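These notes concern the structure reproduced below.
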Amino acid sequence: MTKKNISILTILLSLTLSLAAFSHGDEKHEESKKPLFSGLDTEAAQVVKQFHTALRTSDTDLARSVLSNDVLIYESGTAERSAEEYAAGHMKADMQYLATISSEIIEHQIKVNADLAISTAQFKNTRTVAGRSRESISMETIVVSKIDGKWLITHIHWS
């Protein structure tokens with residue numbers, strides 16, 4: 001590439017960046033104000049709330065009753081591919097962990113479209129480790145599907 005071509009490209013790039021920088025002037029853009037809590041009065045939301053309650057109260061029967069048989073659960077880089085696998089394994093550990101923390105829900109939205117609902121939530125968790133309070137944020141996505149007229153959890157992803 002010649003010096004002349006480089007100079008022309010430099011000028012064009014400078015003009016483009018200048019126009020982009022000044023094109024909005026002193027305009028004020030409002031941030032998106034989506035509600036942090038929505039859709040919580042739906043039938044699908046009730047299933048998610050029942051599941052949360054079941055885990056917090058160590059109610060394995062209730063927890064199992066809202067999971068589809070072929071639920072897929074992703075957590076910490078692992079996958080459990082059925083309600084039975086989760087109930088026989090990780091469920092009790094999740095219940096024990098939740099018993100040791102204080103958890104505050106920061107955000108929870110549920111969007112329902114026909115026979116499928118997506119629940120997304122964010123939690124602030126506080127626990128005491130070696131006498132010191134520790135906080136962490138956890139994220140949760142739950143898919144709830146209407147199967148034979150009943151809402152059941154078909155997928156969970158925790159991080």
Side-chain angles (χ1 to χ4, degrees), residues 17 20-21 23-159:
L17 291 175
S23 66
H24 292 286
D26 291 332
E27 234 176 88
K28 301 249 189 246
H29 293 280
E30 287 192 36
E31 291 182 29
S32 173
K33 299 207 178 192
K34 292 182 181 178
L36 295 179
F37 297 89
S38 63
L40 303 182
D41 56 346
T42 63
E43 288 180 43
Q46 297 313 308
V47 170
V48 173
K49 290 176 186 179
Q50 287 176 332
F51 184 66
H52 288 160
T53 297
L55 290 181
R56 284 225 158 267
T57 61
S58 297
D59 187 338
T60 55
D61 292 335
L62 178 59
R64 175 60 188 91
S65 75
V66 296
L67 297 174
S68 70
N69 289 331
D70 61 349
V71 67
L72 176 61
I73 300 173
Y74 289 157
E75 182 179 13
S76 301
T78 64
E80 291 171 309
R81 301 180 188 289
S82 72
E84 290 309 313
E85 183 180 351
Y86 178 62
H90 211 140
M91 182 190 292
K92 290 201 191 283
D94 287 342
M95 291 173 172
Q96 289 170 346
Y97 171 73
L98 289 172
T100 68
I101 67 169
S102 170
S103 188
E104 173 190 351
I105 192 159
I106 300 170
E107 179 176 351
H108 192 186
Q109 292 106 21
I110 298 183
K111 295 181 176 121
V112 180
N113 187 359
D115 290 344
L116 187 71
I118 307 289
S119 168
T120 54
Q122 186 177 37
F123 301 86
K124 180 172 101 175
N125 305 309
T126 307
R127 64 187 181 126
T128 303
V129 178
R132 297 180 70 194
S133 181
R134 305 274 187 201
E135 286 186 358
S136 65
I137 300 295
S138 61
M139 309 291 276
E140 171 186 86
T141 302
I142 295 181
V143 178
V144 187
S145 304
K146 200 168 201 178
I147 301 169
D148 297 327
K150 183 178 179 184
W151 287 100
L152 295 171
I153 295 171
T154 54
H155 177 65
I156 302 171
H157 188 165
W158 284 307
S159 62

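Values in this document were obtained by computation on a predicted structure and should not be read as measured data.
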At their closest point, which heavy atom of Ala83 faces which heavy atom of Ser68, and how far apart are they?
CB-O, 3.5 Å
Give the minimum heavy-atom separation between Ala54 and Ala63, together with the two atoms involved.
CB-N, 3.4 Å
Residues in side-chain hydrogen bond (donor to acceptor under 3.5 Å, both in side chains) contact with Glu84, at least two apart in sequence or another chain
Arg64
Between Val144 and Val48, does the side chain to side chain contact (heavy atoms under 4.5 Å, CB included) criterion hold? Intermediate values first, please.
CA-CA 8 Å; Val144 187; Val48 173; 3.7 Å; yes
Ser102: partners by side-chain hydrogen bond (donor to acceptor under 3.5 Å, both in side chains), with sequence neighbours left out
none
Can you confirm whether Ile118 sits close enough to Thr141 that some side-chain heavy atom of one is under 4.5 Å from a side-chain heavy atom of the other?
yes
Check Trp158 against Glu140 and note the closest heavy-atom contact, atom names and distance.
NE1-OE2, 2.9 Å
When rounded to the nearest 0.5 Å, the distance separating OG1 of Thr154 from CD1 of Ile147 is 6.0 Å
Side-chain donor-acceptor pairs under 3.5 Å in residues 91-101, sequence neighbours left out?
from   : atom 1 : to    : atom 2 : distance (Å)
Asp94  : OD1    : His90 : NE2    : 3.3
Asp94  : OD2    : Tyr86 : OH     : 2.7
Thr100 : OG1    : Tyr97 : O      : 2.7

Show the nearest heavy-atom pair for residues Ala114 and Trp151, with the distance to one decimal.
O-CH2, 3.6 Å
Do we see a donor-acceptor contact under 3.5 Å between the side chains of Thr57 and Asp59?
no
Between Val71 and Asn69, is there a side-chain heavy-atom distance shorter than 4.5 Å?
no
Between Asp70 and Ser82: side-chain donor-acceptor atoms closer than 3.5 Å
no
Give a yes or no on whether the backbone of Leu40 and the side-chain of Gln46 come within a donor-acceptor separation of less than 3.5 Å.
yes
Nearest heavy-atom neighbours spanning Ser103 and Arg56:
CB-NH2, 2.7 Å
Tell me which donor-acceptor pairs under 3.5 Å the side chains of residues 104-112 have, and how far apart each pair is, sequence neighbours excluded?
from   : atom 1 : to     : atom 2 : distance (Å)
Glu107 : OE2    : Gln109 : NE2    : 3.0
His108 : NE2    : Ser119 : OG     : 2.8
Gln109 : OE1    : Thr120 : OG1    : 3.4
Gln109 : NE2    : Pro35  : O      : 3.0
Gln109 : NE2    : Leu36  : O      : 3.0

Between the CD atom in Glu135 and the OG1 atom in Thr126, the distance rounded to the nearest 0.5 Å is 4.5 Å
Listed by chain and number, what are the side-chain hydrogen bond (donor to acceptor under 3.5 Å, both in side chains) partners of Gln50, not counting sequence neighbours?
none
Would you check if the side chain of His155 reaches a backbone N or O of Leu72 as a donor-acceptor pair within less than 3.5 Å?
yes
Output for pair (Glu75 CD, Ser159 OG), nearest 0.5 Å, gives 9.5 Å
Can you run down the salt bridge (Lys or Arg N to Asp or Glu O under 4.0 Å) pairs that involve residues 39-53, sequence neighbours left out, and say none if there aren't any?
none
Carefully, step by step, assess Lys150 and Leu152 under the rule side chain to side chain contact (heavy atoms under 4.5 Å, CB included).
CA-CA 6 Å; Lys150 183 178 179 184; Leu152 295 171; 3.9 Å; yes
Please report the C-alpha distance between Ile153 and Phe51 in whole Å, then the side-chain angles of each, then the deciding distance to 0.1 Å, and finally whether the side chain to side chain contact (heavy atoms under 4.5 Å, CB included) criterion is met.
CA-CA 9 Å; Ile153 295 171; Phe51 184 66; 3.6 Å; yes
As a quick check of understanding, evaluate side chain to side chain contact (heavy atoms under 4.5 Å, CB included) for Ile156 and Leu67, giving each step before the final call.
CA-CA 10 Å; Ile156 302 171; Leu67 297 174; 4.2 Å; yes
Euclidean distance, Met139 CE relative to Phe123 CZ, rounded to 0.5 Å
10.0 Å
